[in-house]
Amino acid sequence: MTMHYTQLGRTGLKVSRLCLGTMNFGPRTTPDDSFTIMDRAIDEGINFFDTANVYGGADRRGWTEEIVGDWFEKSGQRDKVVIATKVYGDMTPWPNHGKVSAYSIRKNVEDSLRRLKTDRIDLYQMHHIDRLTPWEELWQAMDTLVAQGKVLYVGSSNFAGWNIAAACEAAKARHTLGLVSEQSLYHLGARTLELEVLPACRHYGLGVIPWSPLGGGLLGGVLKKAQEGRRADEGMQKQIEQKRPQLQKWEKFCADRGEDPGDVALAWLLHQEGVTGPIIGPRTMEQLEGGLRALSIKLNKTALDELDEIWPGPGGQAPEAYAW
């Protein structure tokens with residue numbers, strides 16, 4: 001299978017249309033199995049890996065970065081990977097070991113570099129908005145890291161549209177590059193991003209990196225799995241009952257095309273303007289294979305219109321409800 005690449009937002013950086021998410025590495029996937037998945041990802045041309053300093057579990061934050069760093073050291077593949085990590089969450093109960101003050105940024109970037117066994121972070125993302133830290137302080141800290149070569153690009157995650165605008169305007173006032181990407185919840189069943197965040201990203205030239213592209217498994221064929229005897233947890237069961245008519249139409253849409261619902265959900269994101277590439281977070285090699293299949297699925301206008309009818313855009317029936 002041939003991997004496809006695109007620019008990360010308005011930058012010259014080329015990244016794969018699928019981003020390998022590593023959140024399961026450690027807590028749900030052993031280090032050895034994680035190594036195997038990363039080996040296969042590289043073999044398939046995935047050059048974009050995403051992690052965060054807090055990943056690894058409540059009692060072992062940083063473990064996932066350590067696993068990725070150990071793989072870099074063992075595989076020698078560091079220079080083939082665009083590595084993205086995040087800062088914000090509290091790493092310890094001690095003051096200033098979380099959020100994005102200049103103090104926290106300086107401490108946490110050094111800790112991530114050490115765990116990742118690398119001299120640079122290619123994309124350093126703010127995991128959430130920090131309403132207590134002024135943009136002047138944040139950008140001064142980030143600009144220093146860029147000048148030192150410890151960070152190449154800065155991104156955001158879970159920002160509102162107006163947060164993106166404020167961040168970009170503050171960076172513009174400093175005559176620096178500012179944000180180049182936004183990582184947000186976005187899938188067929190969660191399209192509120194289309195109201196303000198996507199237009200803001202388009203205006204400022206940010207790449208969009210959707211997380212949870214299968215809606216936590218909701219779009220992965222839950223009805224068929226239930227028929228096969230696989231029982232969902234209580235939270236998922238509630239969602240299934242709320243959305244059963246849509247899910248029935250959705251799974252029939254995929255079955256009529258002979259495709260796995262999870263693969264089609266990823267393919268739909270790849271057809272959306274401004275999307276750089278969804279994050280796939282495989283626990284197993286089988287799940288990685290499914291993500292790769294999405295690259296070959298083509299959805300024409302008729303199919304996309306049908307999906308808009310099943311999963312309407314925000315505020316009403318798509319496309320009339322779109323904000324642009």
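Just so you know, residue 1 is the first one in the sequence shown, and it goes up from there.
- In this structure, T11 contributes its side chain and Q7 its backbone to no donor-acceptor pair below 3.5 Å.
- A 4.5 Å side-chain heavy-atom check between I121 and K150 finds every atom pair outside the cut-off.
- Remark: the backbone N or O of P314 is not paired with any side-chain donor or acceptor of T192 at under 3.5 angstrom.
- With a 4.5 Å cut-off between side-chain heavy atoms of Ile, Leu, Val, Met, Phe, Trp and Tyr, the cluster of I209 takes in L8, L13, V15, F48, V82, L123, L152, Y153, L177, V180, L185, W211, I279.
- To the nearest 0.5 Å, atoms OG (S156) and CD (E182) are separated by 3.5 Å.
- Atom CD of E241 has more than 12 neighbouring heavy atoms from other residues, nucleotides or ligands inside a 6.0 Å radius.
- Listed by chain and number, the residues in a side chain to side chain contact (heavy atoms under 4.5 Å, CB included) with D263 are D260, R293, I297 (sequence neighbours excluded).
- Side chains of L218 and L247 form a contact here, defined as non-hydrogen atoms less than 4.5 Å apart.
- In this model, no donor atom of one side chain and acceptor atom of the other lie less than 3.5 Å apart for Y88 and Q125.
- Both I310 and V264 belong to a common hydrophobic cluster when Ile, Leu, Val, Met, Phe, Trp and Tyr are linked at side-chain heavy-atom distances under 4.5 angstrom.
- By the 4.0 Å N-to-carboxylate-O rule, R28 lies too far from D33 to be salt-bridged with it.
- Transitive grouping of hydrophobic side chains (ILVMFWY, heavy atoms separated by less than 4.5 Å) keeps M91 and L138 in distinct clusters.
- Rounding to the nearest 0.5 angstrom, the gap separating the OH atom in Y186 from the CG atom in L193 is 6.5 Å.
- A salt bridge is absent between D43 and R40: the closest approach of a Lys/Arg side-chain nitrogen to an acidic carboxylate oxygen does not fall below 4.0 angstrom.
- A cation-pi arrangement is absent between K86 and Y124, since the terminal nitrogen or guanidinium carbon is not both under 6.0 Å from the aromatic centre and inside a 45° cone about the axis.
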| Hey, mind stepping through R61 and V54 against side-chain contact (heavy atoms from CB on, under 4.5 Å) and telling me if it holds? | CA-CA 5 Å; R61 296 190 169 192; V54 293; 3.9 Å; yes
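- M126 has its side chain within reach of V154: a pair of non-hydrogen atoms, C-beta onward, lies under 4.5 Å apart.
- Counting heavy atoms of neighbouring residues, nucleotides and ligands inside a 6.0 Å radius, atom CZ of R78 exceeds 12 of them.
- Of all non-hydrogen atoms in A267 and L299, the two that sit nearest each other are C-CD1, 4.2 Å.
- Following chains of ILVMFWY side-chain contacts shorter than 4.5 Å, one cannot reach W162 starting from Y204, and the two form parts of different hydrophobic clusters.
- Considering only residues two or more places apart in sequence or on other chains, Y55 meets the ring pair (Phe, Tyr, Trp, His ring centres under 6.0 Å) condition with none of them.
- Contact detail for R10 and L179: the closest heavy-atom pair is NH1-O, 2.8 Å.
- Contact between W63 and P27 at its shortest, heavy atoms only, is CZ3-N, 3.9 Å.
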| message | side-chain contact (heavy atoms from CB on, under 4.5 Å) for V81 and I42? Distances and angles first, verdict last. | response | CA-CA 8 Å; V81 174; I42 284 289; 3.7 Å; yes
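- A distance of 5.0 Å separates CG in L18 from CE in M3, rounded to the nearest 0.5 Å.
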| task | Could you walk me through whether T284 and T29 pass side-chain contact (heavy atoms from CB on, under 4.5 Å), step by step? | result | CA-CA 7 Å; T284 65; T29 306; over 6 Å; no
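- Considering SG of C201 and CD1 of I164, their distance stands at 4.0 Å, rounded to 0.5 Å.
- Put simply, the side chain of T6 never gets that close to the backbone of T276: no donor and acceptor are under 3.5 Å apart.
- Electrostatic pairing of K301 and D308 does not count as a salt bridge here, judged by no charged N lying under 4.0 Å from a carboxylate O.
- S104 contributes atom OG, which lies 8.5 Å from atom CG of D130 (distance to the nearest 0.5 angstrom).
- Checked against the 6.0 Å centroid threshold, F253 and W268 do not count as a close aromatic pair.
- The list of side-chain hydrogen bond (donor to acceptor under 3.5 Å, both in side chains) pairs with a residue in residues 246-256, not counting sequence neighbours, reads K252-D256.
- Residue-environment remark: CD (Q242) exceeds the threshold of 12 foreign heavy atoms within 6.0 Å.
- F35 and M23 end up in different hydrophobic clusters when Ile, Leu, Val, Met, Phe, Trp and Tyr side chains are linked at under 4.5 Å.
- When side chains are defined from C-beta on, D305 does not count as touching E309, because their heavy atoms never get closer than 4.5 Å.
- Residue pairs meeting the salt bridge (charged side-chain N to carboxylate O under 4.0 Å, His left out) criterion with at least one partner in residues 132-146, sequence neighbours excluded, are D143-R174.
- To the nearest 0.5 Å, atoms CZ (R115) and NZ (K117) are separated by 11.0 Å.
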| request: Report the C-alpha separation of E65 and S112 in whole Å, then their side-chain angles, then the decisive distance to 0.1 Å, and conclude whether the side chain to side chain donor-acceptor pair (under 3.5 Å) test is met. | output: CA-CA 7 Å; E65 283 189 334; S112 286; 2.9 Å; yes
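- Looking at heavy atoms from C-beta onward, D90 lies out of side-chain contact with H97 at the 4.5 angstrom threshold.
- Residues Q183 and V208 have side chains not in contact (no heavy-atom distance under 4.5 Å, counting atoms from C-beta outward).
- A salt bridge links K107 with D111; the closest basic N to acidic carboxylate O contact falls under 4.0 Å.
- Around atom CG of D119, more than 12 heavy atoms belonging to other residues, nucleotides or ligands sit under 6.0 Å away.
- A heavy-atom distance below 4.5 Å is found between the side chains of E169 and K172.
- S34 and G26 make their closest contact through OG-N, 4.2 Å (heavy atoms, listed as atom of the first residue, atom of the second, distance).
- Legend: residues meeting ring pair (Phe, Tyr, Trp, His ring centres under 6.0 Å) with H127, ordered by chain and number and at least two apart, are absent.
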| request: Any chance you could lay out the side-chain contact (heavy atoms from CB on, under 4.5 Å) test for R17 and Y5, step after step, and finish with the verdict? | output: CA-CA 5 Å; R17 293 302 312 277; Y5 299 90; over 6 Å; no
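- A pairwise comparison of heavy atoms in C19 and D50 identifies SG-CB, 3.6 Å as the closest pair.
- Shown here for I83 and T51, the closest heavy-atom pair between the two residues is CD1-CG2, 4.3 Å.
- Taking 4.5 Å as the limit, some side-chain heavy atom of L214 sits within range of a side-chain heavy atom of L266.
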